[in-house]
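Chain naming here is simple, since letters A, B, ... match the order of the sequence lines and numbering starts at 1 in each. The structure displayed is predicted, hence computed values, not measured ones.
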Amino acid sequence: MSEEKSLNFIEEIVEADLANGKYATITTRFPPEPNGYLHIGHAKSICLNFGLAKKYGGKTNLRFDDTNPVTEETEYVDSIKDDVRWLGFSWANEFYASDYFEQLYGFAVKLIEKGLAYVDDSTSDEIAAQKGTPTIPGVRNVFADRTVAENLQLFTDMRAGKYPDGSKVLRAKIDMASPNMLLRDPIIYRIKHAHHHRTGDKWCIYPMYDFAHGQSDSIENITHSICTLEFIPHRDLYDWCIEKLEIFPSHQYEFARLNMTYTIMSKRKLLQLVNEKHVNGWDDPRMSTISGMRRRGYTAEAIREFCDRIGVAKRENLIDVGLLEFFVREHLNKIALRRMVVFDPLKIVLTNYPDTVEMLPSENNPENPEGGSREIPFSKELYIERDDFMEVAPKKYFRLAPGQMVRLKSAYIIKCEDVIKDAEGKVTELHCTYLPESKSGSDTSGIHVKGTLHWVSVPHAVTAEVRLYDRLFKVEDVGNAEGDFKDHINPDSLQVISHAYAEPALLLDNPDDRYQFIRKGYFILDKDSTKEKLVFNRTVTLKDGWAKETKKA
RNA sequence: UGCCCGAUAGUAUAAGGGUAGUACAACUGAUUUUGGUUCAGUAUGUCGUGGUUCGAAUCCAUGUCGGGCAACCA
């Protein structure tokens, strides 16, 4: 199988199970609750579950864990399916825990018949109080002594809708003194007169996670049921149900969930950001949701590489978001079309350039010779970036300064002759001369300059809106930071450049294309774009060695 | 003071009794018509203490530290 690359602990389990004949083939599942959009943490789980099946020739089901009707919606189901597909995976079957409600009900009846479940009329407070604490054993109440016949009748009546919400629950009869709190007669069914997104009003009792998940796995013959660390204590109950019900023995394995710097990974908090309008929806490009990252321009390939690289283990972790960005850059560098866009323009007049327009060819991607080239209009009046000029420049500044020369990308070398200012002393334009013999591709000037700038021809410039995103939070470990997580929101996470100047080639390209705005970063067209108004999202910046250099000083 | 997980460079992750390796980050330098890319190189690590062993990140004991467990959520 894999000789070079080392295995993670789950792959080792799978290989052992396959090698010793425990299973001929494996089946995994990705089991989201449709109560929110998927985020990068889910991507790790998706890559793990689908990746395992792919690697070992098994299959993976997509199963919606929809046992709590009050939080779940079809919108979420649809978005989850979109996201999994976009990530590049296809499921063997699309299942729903709600598909199994009848079967699950039967399992509960079986437990009652075996004397292993009872109907409890206590309030939730009473149940909590009787449960004890981790160091004090719980105590059973009188309802635990109800007869099988009585329990059967009561449970039937619960299903029939004879009781209001909260008035009764079905509990598994296990061990009120167990050191594992989850085994102290856990609730397995509760009454909820609520509309379910798939079963409608057919049911008014719903199984709890612990009575649905393992059994669903079992029904689907899941061999390796992989979940996150917080479910470790649930494994005893998972196994207990399977054993008492005498059904296919799926096994649960747990790995550490992904945590990432400067982001949150909780659906509850993500929902809060959406509801309270701290962001513009679940697919806001600043969100750690898969749909947000997609809109921002991250590629599925980069996300998969990231998930592969971070590994799977049981130790808690906090991964540098910079690692994700590394994989995004690595991929985009290979596929992005190079374009020139000026965000903050400073006008340049080439005093010795004729009143004509030249079309200059420029490669689409230096990393890919087959990527071809496009023609860029060049004229007497150009825009360059305002911070590519300094009137008084430090020593290692390779850009424009009075008397200094730079190369204009794919065009000529120019020299700054005159600085024009307004009454306040603000630089309004630069008068430069160009070296005709320095034309890109046929340079005979013999001059080598250190700096190369991007530029746009003034009369040909296309205006566009550019949205620059920064991290949504100001602190590294948002989850463990003091106070409310919203206190740490970065107020400057979105900067809008409403009038950037772009080379005209950007009008012609395909909306799915990825761009590198030379010296600026990677960009993608946003869905808010129209024919009249282009809108671009910055996916990620380029690494900036100069910024690092200046920061040091 | 119960039970359960875990601990390897800054961050992650390998090494499964035999040279502590890889990626990102950092730092040097080279190349470069993107201060990007690429290339070459440098520095940094086994939680503590005992033990077993010719040999321990790995096995044993013990301590310490971090995390989890008492929703009619998943």
Problem set entry | Contact residues, residues 62-69 of chain A to RNA chain B [heavy atom, < 4.0 Å] |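 Within this stretch, Asp65(A), Thr67(A), Asn68(A) sit under 4.0 Å of the strand.
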Using residues 319-328 of chain A as the side-chain source, report each donor-acceptor pair under 3.5 Å to any protein atom, sequence neighbours left out, with the distance given to one decimal.
unit_1	atom_1	unit_2	atom_2	d
Asp320(A)	OD1	Gly322(A)	N	2.8

Exercise. Below 4.0 angstrom, N of the basic side chain to O of the carboxylate: do Arg519(A) and Asp388(A) qualify?
Worked result: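 Salt bridge flag = yes for Asp388(A) with Arg519(A).
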Exercise. Is it true that Glu33(A) and Lys267(A) have a side-chain N and a carboxylate O under 4.0 angstrom from each other?
Worked result: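 The answer is no: the pair does not qualify as a salt bridge.
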Exercise. Between C72(B) and Arg171(A), is there an OP1 or OP2 to side-chain N/O distance shorter than 4.0 Å?
Worked result: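 Checking Arg171(A) against C72(B): no side-chain N or O falls below 4.0 Å of OP1 or OP2.
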Exercise. Quick one: is C73(B) close enough that its OP1 or OP2 comes under 4.0 Å of any side-chain N or O from Arg190(A)?
Worked result: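 Checking Arg190(A) against C73(B): at least one side-chain N or O falls below 4.0 Å of OP1 or OP2.
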Between [M] and [N] - [atom1] atom distance, rounded Å:
N	M	atom1	result
G10(B)	G18(B)	P	26 Å
C69(B)	G36(B)	P	46 Å
A56(B)	A20(B)	C1'	12 Å

For this session: Please work out whether the ring planes of His234(A) and Tyr209(A) are parallel, tilted or perpendicular, with thresholds of 30° and 60°.
Result: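 His234(A) and Tyr209(A): perpendicular rings.
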Exercise. Looking at C5(B), C72(B), A74(B), which one has an atom nearest to any side-chain atom of Ile127(A)?
Worked result: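 Shortest atom-to-atom distance from the side chain points to C72(B).
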Problem set entry | Under 3.5 Å side-chain donor-acceptor pair for Glu75(A) and Tyr37(A) |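 Short answer, yes.
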For this session: Using only heavy-atom distances, determine whether the side chains of Arg471(A) and Thr263(A) contain a donor-acceptor pair under 3.5 Å.
Result: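 No, no side-chain donor-acceptor pair sits under 3.5 Å.
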Problem set entry | Dot-bracket pairing map - RNA chain B, Watson-Crick plus G-U, both contacts under 3.5 Å, | cross-strand | .((((((..((((....[..)))).(((((.......)))))....(((((..]....))))))))))).....
Exercise. If you look only at pairs with a residue in residues 163-190 of chain A, which of them pass as a ring pair (Phe, Tyr, Trp, His ring centres under 6.0 Å), with sequence neighbours excluded?
Worked result: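 The answer is Phe155(A)-Tyr189(A), Tyr189(A)-Phe211(A).
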Exercise. Hey, would you say the Phe64(A) and Tyr96(A) ring centroids sit under 6.0 Å apart?
Worked result: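 Yes: the rings meet the under 6.0 Å criterion.
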Could you pull out the protein-nucleic contacts involving nucleotides 62-71 of chain B (nitrogen or oxygen on both sides, under 3.5 Å)?
unit_1	atom_1	unit_2	atom_2	d
G67(B)	O2'	Glu316(A)	OE2	2.7

Exercise. What does nucleotides 25-35 of chain B look like as a protein-contact string, B for base, S for sugar-phosphate only, - for none, at under 4.0 angstrom between heavy atoms?
Worked result: -SSS----BBB
Exercise. Which part of the nucleic acid, if any, lies within contact of Tyr189(A), taking any heavy atom under 4.0 Å across all strands shown: a base, the sugar-phosphate backbone alone, or nothing?
Worked result: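 Here Tyr189(A) touches no strand at all.
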